[in-house]
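Since the model is a prediction, treat every value here as computed from it, not as a measurement.
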Amino acid sequence: MKKLYFVPVFFVMLFALQSCMVSSSPNMAFFDNPYYDYKDARFTSVNVPMFLAKPMVKKALREDGESEELIRLIKKISDIKVMTIENGNQEMVADFANYLTKNNFEEWVTVKKDNETINFQAKQKGESIRKLLITVASGKELVYVDISGKFTADDISKMINYSEKNEIRNKMAD
C-alpha cells in the first residue's frame, strides 16, 4: 500500500521540476517563429520555477546582508524566463526591438558599457508594470531575461539603482 503513495508524489515532483528544465529551443514568443531566419543562432532557454527559486534567493540575500527592500521586490516576481543566444546578430536584435514596440513595450533605460548594451523594457497597464524584459547584447552573445510580476515604476527604479550601487561598490573593492 505504501508504494501506491509514491506514484502520485513522483508525478507531482516530475511535473513541478519540468518547468526548471533547460531547453535548446526558444521560450519567448518572437523567437519561436518558424518563418524567421535565425541563421546560425543557438538558443538556450531556462524557465525558473518561482516556488523553488524565491526561498533560495531571499535566503541568499539575507545572508549577504542585503536590504529588506530588495527582498520585498523579489516577492513581487511571479515568473522568470531566461534565454541566451549564441551567434546572434544586430538584425535579430533590431527585429526583436520592433516586435516589442508593436506589443506595447516601452523602453525604460539603455546602458552602454564597454562593448555591452543593456536594455530595460516594460509592459505597463495603468500604474502597474506586468512584464519587464532585460536585454544584454555583447557582440554575438545575447541574453534575455523576461520577468513577470506586478511592479511599479518606483520598484524598477530601485532595481536599477541597486544594480548601479553594487557595481560601484565592487569597483571600489578592487
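- The two residues Ala122 and Leu132 come nearest to each other via the heavy atoms CB-CD1, 4.3 Å.
- Residues satisfying the side chain to side chain donor-acceptor pair (under 3.5 Å) criterion with Asn104, sequence neighbours excluded, are absent altogether.
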Just distance, no hydrogens or angles: give the donor-acceptor pairs under 3.5 Å from side chains in residues 77-86, sequence neighbours left out.
residue: Ser78; atom: OG; partner: Ser148; partner atom: O; Å: 3.2
residue: Glu86; atom: OE1; partner: Arg42; partner atom: NH2; Å: 2.7

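- In this structure, the side chains of Arg130 and Lys150 come closer than 4.5 Å at one or more pairs of heavy atoms.
- Applying the side-chain contact (heavy atoms from CB on, under 4.5 Å) test to Lys102 and every residue at least two apart in sequence or in another chain returns nothing.
- Proximity of a side-chain donor or acceptor of Thr117 to a complementary backbone N or O of Lys113 within less than 3.5 Å is not detected.
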Check step by step if side chain to side chain contact (heavy atoms under 4.5 Å, CB included) holds for Tyr36 and Asp95.
CA-CA 10 Å; Tyr36 189 87; Asp95 290 344; 2.5 Å; yes

Derivation and outcome, side chain to side chain contact (heavy atoms under 4.5 Å, CB included), residues Leu133 and Leu100:
CA-CA 9 Å; Leu133 186 70; Leu100 292 177; 3.5 Å; yes

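- Residues Glu107 and Phe120 fail the side-chain proximity criterion, which asks for heavy atoms closer than 4.5 Å.
- Atom CE of Met92 is separated from atom NZ of Lys140 by 10.0 Å, given to the nearest 0.5 angstrom.
- For the atom pair CD of Gln124 and CZ of Phe151, the computed distance is 12.5 Å after rounding to the nearest 0.5 Å.
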Side chain to side chain contact (heavy atoms under 4.5 Å, CB included) evaluation trace for Gln121 with Glu106
CA-CA 5 Å; Gln121 295 162 322; Glu106 297 175 24; over 6 Å; no

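- For Lys76, the side chain to side chain donor-acceptor pair (under 3.5 Å) criterion is met by Asp155, not counting sequence neighbours.
- In this structure Asp154 satisfies the side-chain contact (heavy atoms from CB on, under 4.5 Å) test together with Thr152, Lys158, sequence neighbours excluded.
- Among all heavy-atom pairs drawn from Leu142 and Ala137, the shortest one is CD2-CB, 3.6 Å.
- In this structure, the side chains of Thr135 and Val143 stay at 4.5 Å or more apart for every pair of heavy atoms.
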Yes or no on side chain to side chain contact (heavy atoms under 4.5 Å, CB included) for Ile134 and Ile147, after CA distance, side-chain angles and deciding distance?
CA-CA 8 Å; Ile134 303 168; Ile147 303 171; 4.0 Å; yes

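- Looking only at side-chain heavy atoms (C-beta outward), Glu91 and Lys39 come within less than 4.5 Å of each other.
- Residues passing the ring-ring contact (aromatic ring centres under 6.0 Å, His included) test with Phe31 are Phe43, Phe96, Tyr144, sequence neighbours excluded.
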